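Here the structure is a predicted model, which is why all the values come from computation and not from measurement. Here, residue 1 is the first one in the sequence, and each next residue gets the next number.
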Amino acid sequence: MLLNGAVEIVKIHWPVSLKRGLIGFKPEYLTQPDIPSTWRAMETLYDSGKARAIGVSNFSTKKLGDLLKVARVPPAVNQVECHPSWQQPQLHSFCKSNGVHLSAYAPMGSPGGTSGKSRQLLKDPVLNMIAEKLGKSPAQVALRWGLQMGHSVLPKSTNEGRLKENFDVFDWSIPEDLFAKFSEIEQASSLS
């Protein structure tokens, strides 16, 4: 998005790089990226005013910590998959304590993902029990969980009805007793 000639935010999408000319994502195609050099280029964009903010996507706690050690301008955001069945508490805590906003893509699970729990989040019995008690849909509860965690959430839909439903998450909240139930949801991954 351009605003007054500047891109709103520029991010390093993934903390990996691929060998030149190869297509696809196989372990043998990966090379060691030069994150410090890439980040210095990002800082140059920021300093020039061509980007209002700079950030990262898919950075683990370790990768983000390594970046913070060399960054003159810390990342404004780390955009990662985060939802009730992949809560990433270590990463959440690390981002919060270092002033990096966590932005959640796939906040309702990842239907195309490899983890069965991630794919089936909206069918989770705990999520559905909370939704039923609140008179909301499981998708709305998953989105509201992310907002109450302090994340921005980036739901994806092309269905007009679901788009409208996704916006109906701002004038209510999940009470503490029900919010505590999210700890009962089996986690898809322990990576953070």
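D124 CG to M129 CE: the interatomic distance, rounded to the nearest 0.5 Å, is 9.5 Å. Taking CZ of F170 as the start and CG of L147 as the end, the distance is 5.5 Å to the nearest 0.5 Å. Atom NE2 of H151 sits about 8.0 Å away from atom NE2 of H101, to the nearest 0.5 Å. In this structure, N159 CG and K164 NZ are separated by 10.0 Å, a value rounded to the nearest 0.5 Å. Atom NZ of K123 is separated from atom CG of N128 by 10.0 Å, given to the nearest 0.5 angstrom. Here the CG-CZ distance, from D171 to R144, works out to 8.5 Å after rounding to the nearest 0.5 Å.
Between W86 and H83, the two ring planes are perpendicular [angle over 60°; tilted spans 30° to 60°]. Taking the six-membered ring where tryptophan is involved, the planes of F179 and W145 are essentially parallel, since the angle between them stays under 30° and well short of 60°.
Each of R162, E132, E165 was checked for a side chain to side chain donor-acceptor pair (under 3.5 Å) with S137, and the lone residue meeting it is E165. For the pairing with M108, the side-chain contact (heavy atoms from CB on, under 4.5 Å) check across V141, L127, L122, V153 returns one residue only, L122.
Between I185 and P84, the closest heavy-atom pair is CG2-O, 3.5 Å. Here the closest heavy-atom approach between residue P75 and residue V100 is recorded as O-CG2, 3.5 Å. Nearest approach of W39 to A71, heavy atoms of both residues: NE1-CB, 3.4 Å. Taking both residues in full, the closest heavy atoms of L91 and S60 are given as CD1-C, 4.0 Å, listed atom of the first, atom of the second, then distance. The shortest non-hydrogen separation linking P74 to L68 is CB-CD2, 3.9 Å. Nearest heavy atom pair, residue A53 against residue A76, reads CB-CB, 4.1 Å.
Between the side chain of S93 and the main chain of P89, no donor-acceptor pair closer than 3.5 Å is present. No donor-acceptor pair closer than 3.5 Å links the side chain of E81 to the backbone N or O of A106. Checking side-chain atoms of Q187 against main-chain N and O of Q87 turns up a donor-acceptor pair under 3.5 Å. Between the Q90 side chain and the T61 main chain, no donor and acceptor come within less than 3.5 Å of each other.
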**Request:** Report the C-alpha separation of K62 and D66 in whole Å, then their side-chain angles, then the decisive distance to 0.1 Å, and conclude whether the salt bridge (Lys or Arg N to Asp or Glu O under 4.0 Å) test is met.
**Result:** CA-CA 6 Å; K62 180 181 180 342; D66 291 346; 2.8 Å; yes

**Prompt:** Hey, mind stepping through H92 and C82 against side-chain contact (heavy atoms from CB on, under 4.5 Å) and telling me if it holds?
**Reply:** CA-CA 9 Å; H92 168 85; C82 187; over 6 Å; no

**Request:** Under the side-chain contact (heavy atoms from CB on, under 4.5 Å) rule, what do L154 and Q79 come out as? Steps first, then yes or no, please.
**Result:** CA-CA 10 Å; L154 305 168; Q79 184 180 19; 2.7 Å; yes

**Asked** Please walk me through it: do K63 and N58 pass side-chain contact (heavy atoms from CB on, under 4.5 Å)?
**Response** CA-CA 9 Å; K63 293 278 187 190; N58 303 302; over 6 Å; no

**Asked** Can you check side-chain contact (heavy atoms from CB on, under 4.5 Å) on T44 and S48, steps first, answer last?
**Response** CA-CA 6 Å; T44 300; S48 74; 5.5 Å; no

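With sequence neighbours excluded, no residue forms a side chain to side chain donor-acceptor pair (under 3.5 Å) with D34. By the side chain to side chain donor-acceptor pair (under 3.5 Å) test, E184 pairs with no residue at all, sequence neighbours left out. Partners of N98 by side chain to side chain donor-acceptor pair (under 3.5 Å), not counting sequence neighbours: none found.
A salt bridge does not link K133 with D177: none of the charged nitrogens is closer than 4.0 Å to a carboxylate oxygen.
A heavy-atom distance below 4.5 Å is not found between the side chains of I174 and K181.
There is a path of hydrophobic side-chain contacts, each under 4.5 Å, that joins V70 to I54. Linking ILVMFWY side-chain heavy atoms closer than 4.5 Å, directly or via other members, places F182 and W172 in a single hydrophobic cluster.
Within 6.0 Å of atom CD in Q148, more than 12 heavy atoms from other residues, nucleotides or ligands are found, so the atom counts as buried in its surroundings. Around the OH atom of Y46, the shell of radius 6.0 Å holds no more than 12 heavy atoms that belong to other residues, nucleotides or ligands.
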